[in-house]
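All residue numbers refer to positions in the sequence shown, counting from 1.
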Amino acid sequence: MKQQLLKLNNVPIRYKIIALLLVISILPSIGLGLLTGFTVERIIDKQATQHTLQLIGQVNKTLETYASNMQNISYLLSMDPEIKEFLHQQETKNNKQTDDEDYSIRQFMQGLSTLYPEVAGILVVNSRGDYISNELYSRSQQNLTTESWYEEAVKNEGIFKIIGHPTDRGITSHVHYKDSDVVTVVRAILDPETQKVMGVILIDLKLRVIAEATKNVRLGKSGYLMVIDENGEEIYSPPEPLTNDIPKRILKKEDSGAFSEEVDGNKLQFIYQKQPFTNWTTVGIFSSEESVIEVRTIHLYVICFVFFVCLFGVTASYYLANSMSKPIVQLMSFMKKVESGNLRIRYQGDRLDEIGMLGRSFNKMTAKINSLLILTERQERQKRDAELRSLQAHIKPHFLYNTLDTINWMARKRGAEDVAEVVASLSSLFRIGLSKGNDIILLKEEMAHIQSYLTIQKARYRDKLHYTIHVDPGLNDVMILKIVLQPIVENAIYHGIKERRGSGHVTIHVKEENGCLVLAVRDDGKGIPVDKLEELRQKMDSLYKKDEEKGKPVNFGYGMMNVQARIKLTYGDQYGLTIDSELGKGTEVKIHLPLQKNGYELDKA
């Protein structure tokens with residue numbers, strides 16, 4: 001896992017951003033598209049089934065209305081007195097009375113046919129085979145009680161029965177309806193007292209009214225409704241059906257339902273609903289491909305949506321990744337140029353985001369580095385100038401050193417020991433001052449140098465000047481900047497001891513304090529007034545800085561300012577001189593230097 005993360009860290013940030021944005025935008029879009037397509041497909045399928053069932057329900061209500069009308073007609077006929085008399089007294093009537101009654105009954109039947117135009121014909125047959133009808137008549141002299149429809153009615157014992165299309169029956173109509181043009185319903189009329197069958201009422205229902213109720217219902221482009229009876233026999237079917245084979249499981253299933261089945265190579269959708277009154281089943285049949293076309297249309301829209309989202313996501317990912325990675329790559333290029341030493345390169349941009357802030361920080365950093373390099377270069381140049389000045393100043397002392405050495409030799413040869421001591425001290429003073437051109441010398445050499453200087457001054461001022469030198473043990477091998485004590489001691493003598501009444505004393509104490517080397521020079525001279533002391537402190541602190549800011553060479557000279565400037569240029573601003581003085585009591589100057597030995601700062605931690 002860690003290796004995988006490391007490998008991922010090696011991938012450029014541009015590709016990471018592109019991959020992240022693509023994952024965020026495209027994967028959810030594809031998932032949403034698939035979910036939408038699947039959900040819409042289910043909803044469309046469910047809505048198509050519900051819509052078809054609603055249409056079938058409306059058609060079933062119409063068909064049941066027709067069937068109910070046929071049942072009502074049969075009841076009216078069975079309760080008609082003349083028909084009852086026809087069924088009971090037919091043999092006792094004479095023919096004339098019979099014709100009148102027949103005419104009256106036919107008028108009654110004709111009235112019913114007019115009231116219910118879906119009726120194709122009404123036939124009443126008594127138990128002896130005699131019949132009365134408004135439109136129907138027997139094809140032959142055969143007794144109608146032997147017909148199958150008559151026997152079916154008798155078998156149902158007065159219950160209204162729909163027997164479907166007539167087949168091989170011995171009656172026909174004046175309109176010459178085909179068997180497939182009508183649907184026959186029958187009902188036996190029973191004697192209320194004996195429950196014997198007195199006759200049967202036969203009514204033909206025009207198939208045209210069933211066709212009108214179903215043919216106007218279109219399911220898709222080629223779908224249709226058809227009606228079958230409880231045996232699966234066709235009641236109504238369009239002229240060009242999609243299939244002539246109706247799955248038998250429709251008759252065994254629930255009262256309503258839907259399923260798909262492949263018939264003759266075509267995948268058909270079957271939606272059906274049974275009519276409880278007629279026991280007919282209305283079936284909606286349409287090709288599944290037609291519903292699939294609508295689903296495919298929606299899928300096409302979803303795919304187009306996902307495509308445009310992906311296209312937008314890719315474009316936006318590339319633009320955003322390029323917008324974020326390009327300035328980063330540019331900053332990397334700038335950093336390489338800075339590494340090669342080109343500090344003038346700058347980020348150019350007005351962005352307000354983090355990258356713009358980073359670019360501006362880069363500009364500030366390079367400007368600061370450039371400023372520091374210029375400052376360092378200036379300080380190095382100042383040090384070289386100081387070294388050059390020091391070298392030039394040493395040329396004359398070197399000549400004087402050789403001359404003084406000659407005078408010392410001559411004084412000792414003639415017995416002038418005091419002169420020889422002063423000359424020897426002066427010679428030592430120049431020798432240490434030269435120090436073979438080295439700026440950093442041992443502390444013991446610096447102390448020998450100041451000892452020679454004080455010896456000379458002692459010879460000059462005699463009892464006026466007294467001095468004490470104390471160096472803490474272990475510090476003689478410490479390295480310090482040379483000639484830092486002599487200007488301070490010189491100031492103590494000329495401005496302190498010389499100006500006081502009576503003899504004065506100069507104390508030099510070298511010690512370690514808080515990890516620093518401290519050289520303290522104290523005199524008991526007249527001291528410095530407060531205003532002048534403050535002015536001197538400010539001058540020592542500001543002179544170095546002002547000269548540095550102006551970029552001008554520092555005017556070192558050989559005084560305290562020279563010592564202060566040399567120490568700060570060599571060791572930094574944390575080191576240098578501090579002055580404390582009290583008027584009439586004396587002055588103390590402390591020189592703070594790093595504690596170094598053999599060129600390295602001592603580790604006191």
Please determine whether side-chain contact (heavy atoms from CB on, under 4.5 Å) holds for the pair Phe38 and Leu34, giving the CA-CA distance in whole Å, both sets of side-chain angles, and the decisive distance to 0.1 Å.
CA-CA 6 Å; Phe38 177 72; Leu34 293 175; over 6 Å; no
Do the side chains of His51 and Leu55 get nearer than 4.5 Å, heavy atoms only?
yes
side-chain contact (heavy atoms from CB on, under 4.5 Å) assessment of Thr281 paired with Gln273
CA-CA 6 Å; Thr281 300; Gln273 187 178 64; over 6 Å; no
State whether the number of non-hydrogen atoms from other residues, nucleotides or ligands found under 6.0 Å of Met357 atom CE is greater than 12.
no
Stepwise side-chain contact (heavy atoms from CB on, under 4.5 Å) check, Ile83 with Leu87:
CA-CA 6 Å; Ile83 291 178; Leu87 296 175; 4.3 Å; yes
Stepwise salt bridge (charged side-chain N to carboxylate O under 4.0 Å, His left out) test for Glu339 and Lys336:
CA-CA 5 Å; Glu339 290 176 357; Lys336 290 181 179 178; over 6 Å; no
d(Asn363 CG, Phe334 CZ) to nearest 0.5 Å is 8.5 Å
Between Met226 and Pro238, which heavy-atom pair has the shortest distance, and what is it?
CB-CD, 4.5 Å
Will you find, in the side chains of Thr278 and Gln275, an N or O donor that is under 3.5 Å from an N or O acceptor?
yes
Determine, for Arg208 against Glu212, whether the closest basic-nitrogen to carboxylate-oxygen distance falls under 4.0 angstrom.
yes
Classify the side-chain pair Asn134/Ser113 by whether it contains a donor and acceptor separated by less than 3.5 Å.
yes
Using side-chain heavy atoms (C-beta onward) and a distance below 4.5 Å, is Ile162 in contact with Asp229?
no
Please tell me if the side chains of Ile171 and Tyr131 come closer than 4.5 Å, counting only heavy atoms from C-beta onward.
no
Please step through side-chain contact (heavy atoms from CB on, under 4.5 Å) for the pair Thr282 and Tyr272, ending with a clear verdict.
CA-CA 6 Å; Thr282 304; Tyr272 62 94; over 6 Å; no
Taking atom types as modelled and ignoring hydrogens, do the side chains of Ser78 and Arg187 form a donor-acceptor contact shorter than 3.5 angstrom?
yes
Any donor and acceptor pair, going by atom type alone, linking the side chain of Glu147 with main-chain N or O of Gly170 inside 3.5 Å?
yes
Working to the nearest 0.5 angstrom, can you tell me the gap between Arg42 CZ and Ile44 CD1?
13.0 Å
More than 12 heavy atoms of other residues, nucleotides or ligands under 6.0 Å from CG of Asp168: yes or no?
no
Could Arg169 and Asp204 be called an ion pair, given the rule that one side-chain N must be under 4.0 Å from one carboxylate O?
yes
Heavy-atom donor-acceptor pair, Lys196 side chain to Leu190 backbone, under 3.5 Å
no
Is there a donor-acceptor contact under 3.5 Å from the side chain of Ser333 to the main chain of Val329?
no
Is the backbone of Gly158 close enough, under 3.5 Å, to the side chain of Asn156 for a donor and an acceptor to pair up by distance?
no
Please give me the minimum heavy-atom distance between Leu352 and Arg360, naming the atom from each residue.
CA-NH2, 4.1 Å
Please give me the minimum heavy-atom distance between Leu207 and Ser180, naming the atom from each residue.
CD2-O, 2.9 Å
Closest non-hydrogen atom pair between Tyr236 and Ala211, with its separation:
CE1-CB, 3.3 Å
Sidechain N-carboxylate O distance under 4.0 Å for Glu230, Lys161:
yes
Verify, without hydrogens or angle tests, whether Asn126 (side chain) and Asp130 (backbone) share a donor-acceptor contact under 3.5 angstrom.
yes
Side chains of Trp280 and Ile210 in contact at under 4.5 Å (non-hydrogen atoms)
yes
Find the distance between OG1 (Thr65) and CG (Asn69) and round it off to the nearest 0.5 Å.
6.5 Å
Between Asp353 (side chain only) and Gly356 (backbone N and O only), is there a donor and an acceptor less than 3.5 Å apart?
yes
Nearest heavy-atom pair of Thr145 and Glu151: which atoms, and what distance?
O-CG, 4.1 Å
Is there a donor-acceptor pair closer than 3.5 Å between any side-chain N or O of His165 and the backbone N or O of Asp181?
no
Nearest-0.5 Å distance that lies between atom OH in Tyr75 and atom CD1 in Ile189:
11.5 Å
Kindly say whether Lys337 contributes a backbone atom to a donor-acceptor pair with the side chain of Ser340 at under 3.5 angstrom?
yes
Can you confirm whether more than 12 heavy atoms, excluding those of Tyr318, are under 6.0 Å from its OH atom?
no
Taking the side chain as every heavy atom from C-beta outward, state whether Val227 and Asn60 have any pair of such atoms under 4.5 Å apart.
no
Should the heavy atoms of other residues, nucleotides or ligands under 6.0 Å from CD of Gln574 be counted, would the total exceed 12?
yes
Gln195 side-chain N/O to Pro192 backbone N/O, donor-acceptor pair under 3.5 Å:
yes
When rounded to the nearest 0.5 Å, the distance separating NZ of Lys267 from OG of Ser287 is 10.0 Å
Check Gly223 against Phe286 and note the closest heavy-atom contact, atom names and distance.
CA-CB, 3.6 Å
Side chains of residues 341-349: which donor-acceptor partners sit under 3.5 Å, not counting sequence neighbours?
unit_1	atom_1	unit_2	atom_2	d
Asn342	OD1	Arg344	N	3.2
Arg346	NH1	Leu343	O	2.7
Arg346	NH1	Thr366	OG1	3.1

Who passes side chain to side chain contact (heavy atoms under 4.5 Å, CB included) against Ile374, sequence neighbours left out?
Asn370, Arg378
Check Lys61 with Glu64, please: is the shortest side-chain N to carboxylate O separation under 4.0 Å?
no
Testing the 3.5 Å rule here: is there a donor-acceptor pair between the side chains of Ser260 and Gln269?
yes
Could you give the distance from CD1 (Ile203) to OH (Tyr116), rounded to the nearest 0.5 Å?
10.0 Å
Non-hydrogen side-chain atoms of Val186 and Tyr150 separated by less than 4.5 Å:
no
Quick check: do Thr184 and Leu202 have side-chain heavy atoms less than 4.5 Å from each other?
yes
Got Lys326 and Gln330 here, is their nearest side-chain heavy-atom distance under 4.5 Å?
no
Atom OH of Tyr137: over 12 foreign heavy atoms under 6.0 Å:
yes
Just by distance, no angles: are the side chains of Glu135 and Ser173 close enough, under 3.5 Å, to form a donor-acceptor pair?
no
Any side-chain to backbone donor/acceptor pair from Ser74 onto Gln71? Under 3.5 Å, distance only.
yes
